[in-house]
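Below, all heavy atoms of this structure are taken into account, side chains as well, without hydrogens, waters or symmetry copies. One-based numbering along the sequence shown.
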Amino acid sequence: MKVLVIGGGAREHALCRALSLDPAVTALHCAPGNAGIAEVAELHPVDALDGAAVARLATELEAGLVVVGPEAPLVAGVADAVRDAGIPCFGPSKEAAELEGSKAFAKDVMAAANVPTARSYVCTTPEQIDEALDAFGTPYVVKDDGLAAGKGVVVTADLAKAREHALACERVVIEEFLDGPEVSLFAITDGETVLPLQPAQDFKRALDNDEGPNTGGMGAYSPLPWAEPKLVDEVLESVLQPTVDELRRRGTPFSGLLYAGLAITGRGVRVIEFNARFGDPETQVVLARLKTPLAGVLLAAAEGTLVDLPPLTWRDDAAVTVVVASHNYPDTPRTGDPIEGLAEIAAQDAPHAYVLHAGTRRKDDGTVVSAGGRVLSVTAMGKDLTQARERAYTAVNRITLAGSQHRTDIASEAAKA
């Protein structure tokens with residue numbers, strides 16, 4: 001099977017790495033890709049938001065499966081264009097992707113499906129914003145209704161900052177603060193059958209001890225030794241399946257990857273948000289633990305035959321990923337800095353640890369340089385989280401990138417559990 005992956009971040013590198021290890025994949029392509037993905041897939045220049053261009057490329061390559069990685073192309077309807085060209089595509093339609101594209105839409109779906117989530121108000125005027133902030137009090141949770149590259153959410157005790165963020169949004173969702181640990185749970189679905197993956201936990205704040213600004217994610221780990229064994233079954237029953245059923249009832253079936261961001265509160269599980277694609281950096285650790293070959297699972301979702309698949313199988317090993325970000329991320333990250341140490345990791349730490357590229361590019365002279373805010377995801381496996389952490393940070397410390405930053409506490413508390 002020829003597979004084309006759309007995107008160019010660490011999530012797509014993780015997908016390409018997993019697909020490259022699948023014996024059913026005869027040729028692997030990625031558009032536009034990055035310097036790391038080029039080592040496992042043939043790269044093609046394409047505007048990932050141009051559905052016609054993506055469908056044309058897939059047709060030219062005679063792809064048997066297209067996997068759309070990022071949220072923006074999904075919300076733009078790229079998966080629809082690929083399917084209209086007669087090619088199986090893993091990724092929801094434009095209408096179904098509104099589950100991530102609009103937080104107000106997601107709240108409406110959850111209300112109709114009786115999915116537990118935070119109480120909220122959708123606001124479009126300064127008066128509504130002030131009323132909502134006053135109603136919920138501190139800490140204030142303010143979410144841009146639309147896509148914001150993982151940085152559209154402000155959680156703060158500062159009323160002025162909360163109001164400033166809300167006023168900067170065309171439409172904003174203000175909701176009650178949910179206490180308790182957060183969990184990310186992915187599910188692959190064909191619009192009827194829902195196949196949950198293993199849970200992970202990511203770290204959104206830029207600095208250790210969950211301090212600093214919100215980011216797209218600074219690291220993740222799986223499994224969660226502190227989580228209840230029944231968690232996945234509970235979320236499948238109360239969140240994932242009802243959401244998929246409600247979208248099908250509305251005539252906009254969701255086929256692809258449904259990502260539930262959850263808070264385990266004192267009142268039970270509550271949905272923080274939905275995403276319509278694999279999450280970054282959680283994908284890096286979840287796919288590292290998946291033993292079942294990936295391509296067949298994604299194709300079954302695209303073709304509506306998930307019900308026929310045998311149960312997924314998983315490695316017992318733990319996985320940890322640590323994000324190396326560029327100078328001044330997430331504000332105005334500096335780019336163009338050379339990255340050194342990648343060859344040393346490949347020589348000394350593989351196969352237990354490896355690097356997934358996010359914001360990188362390769363210059364004509366072969367030098368790999370930073371090209372975004374989150375630059376690399378260093379991922380490692382171990383018999384437990386302690387060993388996986390040790391291997392991940394050993395590899396991180398081999399990397400030289402001027403002004404770079406990373407958290408030093410990814411999975412540290414969980415490793416003590």
- Quick one: sort the Phe186 and Tyr259 rings into parallel, tilted or perpendicular, breaks at 30° and 60°.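 Ring orientation, 0 to 90° scale: tilted.
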
Hey, are the side chains of [X] and [Y] touching, using non-hydrogen atoms and a 4.5 Å cut-off?
X      : Y      : value
Val155 : Tyr140 : no
Val235 : Pro196 : no
Pro70  : Arg11  : yes

- Task: For side chain to side chain contact (heavy atoms under 4.5 Å, CB included), just list the numbers for Ile188 and Leu312, CA-CA rounded to whole Å, side-chain angles, deciding distance to a tenth of an Å, and then say yes or no.
- Result: CA-CA 11 Å; Ile188 292 172; Leu312 299 178; 5.6 Å; no

Can you measure from [atom1] ([X]) to [atom2] ([Y]) and round to the nearest 0.5 angstrom?
X      : Y      : atom1 : atom2 : value
Tyr393 : His406 : OH    : NE2   : 6.0 Å
Asp409 : Met218 : CG    : CE    : 10.0 Å
Leu385 : Asp317 : CG    : CG    : 10.5 Å
His357 : Leu376 : NE2   : CG    : 6.0 Å
Asn34  : Thr360 : CG    : OG1   : 4.0 Å
Glu234 : Ile264 : CD    : CD1   : 7.5 Å

- Message: Quiz question: by atom type and distance under 3.5 Å, do the side chains of Thr313 and Thr292 form a donor-acceptor pair?
- Response: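 Short answer, yes.
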
For residues 114-124, dump all side-chain donor-acceptor pairs below 3.5 Å to protein atoms at least two apart in sequence or in another chain.
{"from": "Thr117", "atom 1": "OG1", "to": "Lys107", "atom 2": "NZ", "distance (Å)": "3.0"}
{"from": "Thr117", "atom 1": "OG1", "to": "Val271", "atom 2": "O", "distance (Å)": "2.7"}
{"from": "Thr124", "atom 1": "OG1", "to": "Gln128", "atom 2": "OE1", "distance (Å)": "3.2"}

- Message: Can you tell whether the side chains of Asp130 and Arg163 come within less than 4.0 Å, N to carboxylate O?
- Response: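 Yes, this pair counts.
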
- Item | Shortest non-hydrogen separation from Lys363 to Val369 and the atoms involved |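 It is CD-CG1, 3.5 Å.
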
Side chains of residues 87-95: which donor-acceptor partners sit under 3.5 Å, not counting sequence neighbours?
{"from": "Ser93", "atom 1": "OG", "to": "Ala96", "atom 2": "N", "distance (Å)": "3.1"}

- Of Lys204, Arg205, Arg407, which is the lone residue that meets salt bridge (charged side-chain N to carboxylate O under 4.0 Å, His left out) with Asp210?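 Only match with Asp210 under salt bridge (charged side-chain N to carboxylate O under 4.0 Å, His left out): Arg407.
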
- Checking side-chain hydrogen bond (donor to acceptor under 3.5 Å, both in side chains) against Ser222, which of Gln284, Gln198, Arg289 comes through?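 When Gln284, Gln198, Arg289 are each tested with Ser222, the side-chain hydrogen bond (donor to acceptor under 3.5 Å, both in side chains) holds only for Arg289.
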
- Message: Taking the cut-offs as 6.0 angstrom to the six-membered ring centre and 45 degrees off its axis, would you call Arg17 and Tyr354 a cation-pi pair?
- Response: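 Arg17 over Tyr354 ring: yes.
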
